[in-house]
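All heavy atoms count here, side chains included; hydrogens, waters and symmetry mates do not.
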Amino acid sequence: MTQILMPALSPTMEEGKLAKWLVKEGDEVRSGDILAEIETDKATMEFEAGDEGRIGKILVPEGTEGVKVNQPIAELIEDGEPAGPVDISSMMSSIKDAVSAEAKVEKPVPLTPTLSPNGGKGEVQKNSLAPAGGEGKGEGVSTSAQPSKDHRVFASPLARRIAQQKGLDISTLKGSGPRGRIVKADVETQKTIVKPSTSQTSTTISGIAPLPDARLFFKPDDYEEIPHDSMRKSIAKRLTSAKTLIPHFYLTVDCDIGELLASRARLNAKGDGAYKLSVNDFIVKASALALMRVPEVNASWTDTALLRHKHADIGVAVALDFGLITPIVFHAEEKGLIAISHEVKELAERARAKKLKPSEFEGGGFAISNLGMFGIRDFTAVINPPHAAILAIGAGEQRAVVRDGKIEAATLMTVTMSCDHRVIDGATGARFLQAFKTFIEEPAAMLL
């Protein structure tokens, strides 16, 4: 018998959701057969069998979240090998032990300590128990009754995990399972939330005082609690780490995109519907060429060396209903505007359907976050490792500018670059933005 383990479908994956089993117990499988759909924080991928055999027992039911990498999820049985039986007697024994332990502590007998010398020699007898308010059969040391150390709450692992996520004290719940066992349904229907202690934190960083849990400040009836999904947990973990461990600094420049808008309109008019270029497509291309002109920015930090990238692999932030993902346009410096436009649209569609492969959104050397379509004038973005910089793109808007002593109207776009100071110095970042501004304000320069 071979255990099938939860796979690591990406370099950063620590846990995932077993979204769906595509086989059932007793099915014959061959190497390469699809066993299940695994949902990571940003994508849903198919998991293939590595060996052939027969599915013996499925250990993790579909829909289970938080399955750790390398945790056994099923058993694969070779031909002729019997499936391992479930040890019912062991299970029933555990249930009886738990019920017995609980019964022992429900009605404790009040006890009182009693000290008595032994024959006047100053020795103390071994511990004995005597009921309070009465005399025992012998004198000696007795102790107050304490709850048995064997007392435990009998609940399924899934119920415990859900209770922890919802901030519930599982010992206060009543179980509806066999012998009073607390099961998933008992936790999911529970609305009373126990306020956690102030020592609980959502994210703990060494050397920094923990934050109090937000539920301490509100009444349970005043909010709806929405448990974190795997993507939101990943975003919180990665960006908290990035913001606290990466020394950010920011550079801002205004770009006149009047000529870019005119060029875009002419090209789209000549495309006869075959393509529709966006301002963001020009930004991706201009960023790629600026990275080639200032290669010091196109790098990643490691503890032993800088990794200078040979190509402009640019992540483009895509907003999803359930989070954020940054699919990558690889070798963007080698691609034309039409190719970039088609690729970004196709990547965004598959990202929203959670069909991207990890290799399509993990890595890269640079990123772009564009909130201009939402009317945001300017903002700063958090660097997403292994990137050393990210461009925050604001909306193009009509503003008054002074040219040759005259006030004129111009369409300006504010761009702010967040830089990792371990990799990029101020002057280096400034040279990159100068190159970027040149390409954006004069799109024909991208052809040179």
Side-chain angles (χ1 to χ4, degrees), residues 239 242-243 246-257 260 277-301 309 311-319 324-333 335 337 340-341 343-344 347-348 361 363-397 411-443 445-446:
L239 295 188
K243 186 65 174 177
I246 294 177
H248 287 59
F249 75 93
Y250 309 95
L251 300 172
T252 301
V253 67
D254 288 331
C255 300
D256 187 340
I257 60 171
L260 184 153
L277 301 178
S278 68
V279 172
N280 204 58
D281 299 329
F282 286 83
I283 292 170
V284 172
K285 182 65 175 180
S287 299
L289 296 177
L291 288 173
M292 293 296 100
R293 182 170 293 185
V294 188
E296 295 88 346
V297 173
N298 194 21
S300 296
W301 172 267
H309 305 299
H311 297 282
D313 300 331
I314 299 178
V316 180
V318 175
L324 179 73
I325 195 171
T326 310
I328 302 167
V329 179
F330 291 96
H331 296 203
E333 81 282 4
K335 297 175 179 177
L337 289 169
I340 290 174
S341 179
E343 186 169 342
V344 169
L347 286 170
F361 60 81
F366 193 81
I368 294 170
S369 180
N370 191 343
L371 294 179
M373 66 284 295
F374 297 103
I376 302 301
R377 177 171 178 169
D378 63 85
F379 67 104
T380 58
V382 180
I383 298 169
N384 185 26
H387 306 159
I390 181 171
L391 279 186
I393 308 296
E397 58 182 11
T411 304
L412 300 183
M413 177 181 72
T414 299
V415 177
T416 299
M417 183 167 73
S418 304
C419 304
D420 182 345
H421 214 328
R422 300 172 302 174
V423 179
I424 304 169
D425 294 326
T428 304
R431 287 193 291 113
F432 172 87
L433 283 182
Q434 284 179 339
F436 174 83
K437 181 180 173 74
T438 297
F439 292 124
I440 285 294
E441 294 189 339
E442 183 49 75
M446 299 186 193

When every non-hydrogen atom of Ala242 is compared with those of Val382, the smallest separation belongs to CB-CG1, 4.3 Å
side-chain contact (heavy atoms from CB on, under 4.5 Å) between Leu277 and Ile340, intermediate numbers included = CA-CA 9 Å; Leu277 301 178; Ile340 290 174; over 6 Å; no
Could you walk me through whether Ile440 and Ile283 pass the side-chain contact (heavy atoms from CB on, under 4.5 Å) test, one step at a time?
-> CA-CA 7 Å; Ile440 285 294; Ile283 292 170; 4.1 Å; yes
Which pair of non-hydrogen atoms, one from Ser287 and one from Ile368, has the smallest distance, and what is that distance?
-> OG-CD1, 3.5 Å
Side-chain touch Ile246/Trp301, heavy atoms, less than 4.5 angstrom = no
Is there a donor-acceptor pair under 3.5 Å between the side chain of Asn384 and the backbone N or O of Leu239?
-> no
Partner residues of Thr252 under the side chain to side chain donor-acceptor pair (under 3.5 Å) criterion, sequence neighbours left out = Thr416
Could you tell me the separation between the OG1 atom of Thr326 and the CG atom of Leu324, rounded to the nearest 0.5 Å?
-> 5.0 Å
Set of side-chain contact (heavy atoms from CB on, under 4.5 Å) partners for His421, sequence neighbours left out | Pro247, Phe249, Asp425
With distance as the sole test, does Lys335 use its side chain to make a donor-acceptor pair with the main-chain N or O of Phe330 at under 3.5 Å?
-> yes
Is there side-chain contact between Asp313 and His331, with heavy atoms separated by less than 4.5 Å?
-> yes
Show the numbers, then the answer: is there a side-chain contact (heavy atoms from CB on, under 4.5 Å) between Phe282 and Ile257?
-> CA-CA 10 Å; Phe282 286 83; Ile257 60 171; over 6 Å; no
Heavy atoms of Arg293 and Ala435 approach each other most closely as CD-CB, 3.8 Å
Would you give the length of the straight line joining atom CD1 of Ile328 to atom CG of Leu347, rounded to the nearest 0.5 angstrom?
-> 9.0 Å
Are any non-hydrogen side-chain atoms of Val318 and Val344 less than 4.5 angstrom apart?
-> no
In Å, rounded to the nearest 0.5 Å, how long is the span from CD of Glu441 to SG of Cys255?
-> 5.5 Å
For Ser300 and Pro386, the nearest pair of non-hydrogen atoms, with its separation, is OG-O, 2.7 Å
Could you grab the distance from atom CG of Asp254 to atom OG1 of Thr411, nearest 0.5 Å is fine?
-> 12.0 Å
Show the numbers, then the answer: is there a side-chain contact (heavy atoms from CB on, under 4.5 Å) between Leu291 and Ile314?
-> CA-CA 10 Å; Leu291 288 173; Ile314 299 178; 4.2 Å; yes
Smallest heavy-atom separation, Asn298 atom then His311 atom, equals ND2-O, 3.0 Å
According to the salt bridge (charged side-chain N to carboxylate O under 4.0 Å, His left out) rule, which pairs have a member within residues 378-397, sequence neighbours left out?
-> Arg377-Glu397, Glu397-Arg399
Does His248 reach the main-chain N or O of Ile383 with its side chain, forming a donor-acceptor pair under 3.5 Å?
-> yes
Taking Ser418 for the side chain and Thr380 for the main chain, is one N or O donor matched with an acceptor at less than 3.5 Å?
-> no
For Asp256, the side chain to side chain donor-acceptor pair (under 3.5 Å) test, sequence neighbours excluded, returns Arg403
Does His387 reach the main-chain N or O of Gly363 with its side chain, forming a donor-acceptor pair under 3.5 Å?
-> yes
Using the test side chain to side chain donor-acceptor pair (under 3.5 Å), find all partners of Asn370 that sit at least two apart in sequence or belong to another chain.
-> Asn280
Are Phe366 and Phe432 close enough, and set up right, to give a ring pair (Phe, Tyr, Trp, His ring centres under 6.0 Å), and what steps lead you there?
-> CA-CA 12 Å; Phe366 193 81; Phe432 172 87; 5.3 Å; yes
Glu296: side chain to side chain donor-acceptor pair (under 3.5 Å) partners, not counting sequence neighbours = none
Do you know which two heavy atoms are closest between Met446 and Ala286, and how far apart they sit?
-> CE-CB, 3.7 Å
